[in-house]
Amino acid sequence: MYTQIGAQHGRPPRPAGGFGRPFTGGAKSPRMFRAFRAEVADALTAGLETLDLPTGDLGIEEPPGDVAATLASSVAFRLAEELGSPPPAAAEELADAIDPDPYDYIRAVTTQGPYVNFQTSHAYLQETVEAAQADDYGQLANRDESVVVEHTSANPTGPVHVGRARNPILGDAVANVLDTAGYDVERHYYVNDAGRQMAVFTWAYEKFDESDLAGEPARDRAEYDLVRYYRRGNDFLETADDEAVETAEAEISAILQGLEAGDEATYERVGEVVDTVLGGMQDCLARLPAEFDEFVKETRFMRDGSTDEVADRLKNSDHAVYEEEAWQLELDEYDYEKNLVFLRSDGTSLYTTRDLAHHEWKFDNFDRAVTVLGEDHKLQAGQLQATLDILGNDPDRLDSVIYSYVNLPEGKMSTREGTGVMLDDLLDEAIDRAREEVEDRLGDRVRDDDLDDEDIERIAHQVGIGAVRYDIVAKQPSKGITFEWDRALDFEAQSAPYVQYVHARCCGILDEADSDPDVDSVDVTTLPTPEDGELIDVLARYPAVIEAAADDLQPHRVATYTRELAEAFNAFYRSCPVLDADEATRRSRLALVAATRHTVANALGVLGVEAPDSM
RNA sequence: GGGCACAUAGCUCAGUCUGGACAGAGCGUCGGACUUCUAAUCCGACGGCCGCGGGUUCAAAUCCCGUUGUGCCCGCCA
């Protein structure tokens with residue numbers, strides 16, 4: 001029995017130790033920073049034991065930028081009392097008790113006031129640059145653990161608007177980060193094809209003709225065409241006279257009953273509308289690109305009997321009550337005041353009932369499940385998790401990533417009302433603005449690389465779509481976003497182009513070099529400047545960033561990291577000549593540039609942002 | 001009415017879970033740097049009751065309590 005998961009208060013459901021099992025490393029896995037961190041923990045523990053002091057809280061942290069250390073400990077604050085000496089003296093005593101010699105990656109242990117600082121060794125820097133020569137630097141070892149990431153899952157009622165766009169962008173990044181962290185990931189889109197909305201849509205599509213509709217489709221694609229029927233149908237239900245509405249409702253109800261009864265002809269009628277609209281939406285999402293391994297239809301769990309089976313098991317549970325002719329579940333043990341109805345008084349299932357069958361199916365086929373949901377589904381997600389627990393599942397196998405909606409300054413976006421900015425329009429506009437930028441800069445290009453029209457178009461796509469994605473994925477999902485054109489299309493620093501530009505610069509230098517760097521040519525003793533060192537330090541942290549982002553299901557951390565890496569590279573670029581350096585330094589710096597290129601490309605890849613070879 | 005989230009520089013955001021080094025960036029404003037591996041870059045200046053009030057602690061943007069404002073949810077809808 002769990003208590004924290006599913007509660008309406010407190011943090012979103014998440015296993016205590018972060019996502020998944022602790023990572024144990026692996027032969028192929030780059031370990032530099034994480035190994036260093038482990039050594040620091042070990043050294044601190046040993047030092048404290050030597051002094052007969054408690055080792056429960058090591059206080060390991062990353063020091064501020066101007067401190068010449070990669071990790072530090074604030075444990076001296078807590079030793080002061082124990083030792084009867086002020087924190088700086090305690091720090092001194094502890095540092096003296098630590099012998100860095102046995103450790104591969106600890107060069108020195110120093111103190112600065114009350115802090116014990118740990119500096120990295122030559123081997124740490126050397127191995128970092130070597131490890132980052134791999135194209136897939138940052139890819140962690142396979143964990144033999146499968147995860148299904150469900151995201152987007154928008155009802156197939158019409159074009160994807162910006163209010164929903166956070167879901168595929170976030171979801172794709174979550175899936176990427178788990179993939180990079182060594183999980184076997186599948187991406188699913190759950191298609192709600194059994195609800196009232198689709199019944200209304202099917203009825204409207206059959207009832208109305210082209211001539212009944214308001215105007216031309218906004219775009220030449222299926223979902224823009226068909227959404228006009230959906231809107232017409234809803235409008236009819238709101239404005240027609242009572243008798244006509246009653247007739248319509250009977251037809252809509254017949255469609256729902258047909259689905260419930262397993263009527264093949266009804267499935268086909270609804271399926272035609274669903275598949276057509278969904279096909280168009282897929283074309284839109286592919287532009288991001290967000291692609292799926294499987295589109296899982298809700299009706300599947302009605303047809304295979306699993307929804308009925310779930311309902312039967314719930315009826316037999318201790319939490320079930322039959323009130324007001326409907327089967328309900330008491331969830332007060334899980335801090336939910338109201339009962340959850342799982343069978344209507346007419347015996348038919350509800351969305352949640354089908355979703356329970358869906359999630360048990362996920363548990364049958366995957367080790368873990370992650371769902372990316374808008375905040376309006378948070379309550380339902382908690383109830384789902386509680387009910388999965390009642391059904392005897394381990395609810396910790398399911399995690400939710402919740403994001404706040406993107407709203408317009410004037411309010412919500414709605415497919416039915418026809419309000420909102422379409423994702424297609426946003427992407428078009430972003431590409432157009434990026435193209436203008438590229439063309440504007442064409443005149444004063446220092447680099448003589450003759451961009452042709454095809455290059456310009458490629459860069460415009462990479463930068464335009466990249467900027468939109470980055471803008472969304474870089475923010476914490478819990479923060480609300482109000483959509484404004486100028487803000488969404490701001491290509492200034494701290495956005496995708498800033499990071500992409502670093503990749504293009506790396507490519508430019510490597511092109512110019514005419515020889516590929518190789519692992520054997522790296523010698524970090526030929527990289528003496530603080531800028532060299534700082535860049536290597538940032539590169540070394542990348543695998544740890546992936547690990548943390550995967551554990552906490554927070555891809556925005558990877559975005560924060562890309563900015564830190566870009567800053568470190570730009571500082572390096574400013575003060576460290578590569579091609580004109582002496583031979584040994586040139587070889588090492590070329591390797592460092594290649595390392596940066598791989599890291600930037602891979603980190604952007606996790607975010608779903610392309611890395612241009614030139615800009 | 002109840003629950004959940006959000007609030008950090010004029011604007012957009014990191015940092016909050018796991019309390020520690022003077023609260024960091026970018027945009028905007030002002031001032032600088034391209035005969036140089038790409039200036040979509042870099043350097044400098046200005047700019048902060050970390051919503052507000054209490055509490056815990058050697059130490060609070062971070063933890064606890066209260067409060068205000070905003071968003072979301074509380075259906076035999078999805």
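For the numbers below, each heavy atom of this structure counts, side chains included, while hydrogens, waters and symmetry mates do not. Throughout, a chain's letter reflects where its sequence line sits, starting with A, and its residues are numbered from 1.
Side chain of A/Tyr573, nearest nucleotide from B/C11, B/C37, B/C77: B/C37. The side chain of A/Met615 sits closest to B/A40 out of B/A40, B/C72, B/A21. When distances are taken from the side chain of A/Ala326 to each of B/A78, B/G15, B/C76, the shortest belongs to B/C76. For A/Arg574, whose side chain is taken as the heavy atoms from C-beta onward, the closest listed nucleotide among B/C42, B/C76, B/C73 is B/C42. The side chain of A/Lys479 has B/U16 as its nearest neighbour among B/U16, B/C77, B/A40. Nearest nucleotide to the A/Lys338 side chain, out of B/A78, B/A39, B/G75: B/G75. Here the nucleotide nearest the side chain of A/Ser478, chosen from B/A40, B/C6, B/G15, is B/C6. Of the candidate nucleotides B/C73, B/G15, B/A25, B/A25 has the atom nearest to the side chain of A/Glu567. Nearest nucleotide to the A/Ile509 side chain, out of B/C37, B/A78, B/A21: B/C37. Of the candidate nucleotides B/C37, B/A40, B/A39, B/A39 has the atom nearest to the side chain of A/Arg505.
A search for side-chain hydrogen bond (donor to acceptor under 3.5 Å, both in side chains) contacts involving A/Thr415 returns A/Arg164, not counting sequence neighbours. Residues forming a side-chain hydrogen bond (donor to acceptor under 3.5 Å, both in side chains) with A/Glu92 (at least two apart in sequence, or on another chain): A/Thr111.
Rounded to a whole Å, the CZ atom of A/Arg586 is 10 Å from the C1' atom of B/C37. As a whole-Å value, the separation of A/Phe77 CZ from B/A21 P is 8 Å. One can place CD of A/Glu531 at 10 Å from P of B/C43, the figure rounded to the nearest angstrom. Rounded to whole angstrom, the span from the CG atom of A/Asp490 across to the C1' atom of B/C13 amounts to 12 Å. Straight-line distance from the CZ atom of A/Arg563 to the C1' atom of B/G15: 12 Å, rounded to whole Å.
Heavy-atom distances under 4.0 Å link RNA chain B to A/Ile459, A/Val463 of residues 455-473 of chain A, given in residue order. Across residues 59-70 of chain A, A/Glu61, A/Pro63, A/Pro64, A/Asp66, A/Val67 each have a non-hydrogen atom less than 4.0 Å from an atom of RNA chain B (numbered order).
Atom P of B/C52 sits at a distance of 10 Å from the matching atom of B/A9, rounded to the whole Å. Taking atom C1' in both B/A14 and B/A7, one finds a spacing of 15 Å when rounded to whole Å. A gap of 15 Å separates the P atoms of B/A21 and B/A25, to the nearest Å. Across the C1' atoms, B/C13 and B/A61 are found 14 Å apart, a figure rounded to whole Å. B/G71 and B/U12: their P atoms are spaced 16 Å apart (whole Å). Separation of the C1' atoms belonging to B/C6 and B/A39 is 38 Å when rounded to the nearest angstrom. Atom P of B/A60 sits at a distance of 40 Å from the matching atom of B/C74, rounded to the whole Å. Annotation: B/C17 and B/G51 have their P atoms spaced 15 Å apart (nearest Å).
Around CG of A/Asp580, the count of heavy atoms belonging to other residues, nucleotides or ligands within 6.0 Å does not exceed 12. Atom CD of A/Glu249 has more than 12 neighbouring heavy atoms from other residues, nucleotides or ligands inside a 6.0 Å radius. Within a 6.0 Å radius of CD in A/Glu81, other residues, nucleotides and ligands contribute 12 heavy atoms or fewer.
Within 4.0 Å (heavy atoms only), A/Cys576 reaches at least one base atom of the nucleic acid. Residue contacts shown for A/Gly113 are absent, as no nucleic acid heavy atom lies under 4.0 Å away. As judged by a 4.0 angstrom heavy-atom cut-off over every strand, A/Arg354 is placed among residues touching the sugar-phosphate backbone only. Among the atoms of the strands shown, only primed sugar atoms or phosphate atoms (P, OP1, OP2) are found under 4.0 Å from some heavy atom of A/Val341. Residue A/Thr348 is classed as having no contact, given no heavy-atom separation below 4.0 Å to the nucleic acid. Among the protein residues, A/Gln197 comes within range of the sugar-phosphate backbone only, with heavy atoms under 4.0 Å from sugar or phosphate atoms but none that close to a base. Backbone-only contact: A/His556 has heavy atoms under 4.0 Å from sugar-phosphate atoms and none from a base. Using a 4.0 Å heavy-atom distance criterion, A/Leu350 is classed as a sugar-phosphate-only contact. Within 4.0 Å (heavy atoms only), A/Val438 reaches at least one base atom of the nucleic acid. At the heavy-atom level, A/Ala80 lies nowhere under 4.0 Å from the strands shown. Across all strands, A/Arg441 comes closer than 4.0 Å to base atoms (heavy-atom distances). Base contact: A/Asn117 has a heavy atom under 4.0 Å from a base atom.
You'll find the side chain of A/Asp57 stays beyond 4.5 Å of the side chain of A/Val75, heavy atoms only. Taking 4.5 Å as the limit, every side-chain heavy atom of A/Phe301 sits out of range of all side-chain heavy atoms of A/Thr299. With contacts defined as side-chain heavy-atom distances shorter than 4.5 Å, the pair A/Tyr405/A/Asp376 qualifies. Here the side chains of A/Leu237 and A/Ile252 are in contact, with some heavy-atom distance below 4.5 Å.
A donor and an acceptor atom never sit less than 3.5 Å apart when one is taken from the side chain of A/Ser404 and the other from the base of B/C72.
Formation of a donor-acceptor pair under 3.5 Å by the A/Ser414 side chain with backbone atoms of A/Arg416 is found in this model. Here the side chain of A/Asn407 pairs no donor or acceptor atom with the backbone of A/Phe483 at under 3.5 angstrom. With hydrogens and angles ignored, the 3.5 Å screen pairs no side-chain donor or acceptor of A/Asp332 with any backbone N or O of A/Asp335.
Map A/Asn570 and A/Arg78 each onto its nearest nucleotide of RNA chain B; the residue landing nearer the 5' end is A/Arg78. Toward the 5' end of RNA chain B, the nearer of the two residues A/Ser575 and A/Ala434, judged by each one's closest nucleotide, is A/Ser575.
Stem analysis of RNA chain B (Watson-Crick or G-U pairs, both distances under 3.5 Å, runs of at least three) returns B:1-7 with B:68-74, B:10-13 with B:24-27, B:29-33 with B:41-45, B:51-55 with B:63-67.
Using cut-offs of 30° and 60° for the angle between ring planes, the A/Phe569 and A/Phe572 rings count as tilted. By the 30° and 60° cut-offs, the orientation of the rings of A/Tyr190 relative to A/His358 is parallel.
For the residue pair A/Thr70 / A/Asp537, a side-chain donor-acceptor distance below 3.5 Å is found, with atom types taken as modelled.
Applying the salt bridge (Lys or Arg N to Asp or Glu O under 4.0 Å) test to every pair with at least one member in residues 554-578 of chain A, sequence neighbours left out, gives these pairs: A/Arg541-A/Glu564, A/Asp552-A/Arg557.
Taking only side-chain nitrogens and oxygens, A/Gln476 comes nearer than 4.0 Å to OP1 or OP2 of B/G15. The side chain of A/Tyr498 places an N or O atom within less than 4.0 Å of a non-bridging phosphate oxygen (OP1 or OP2) of B/C42.
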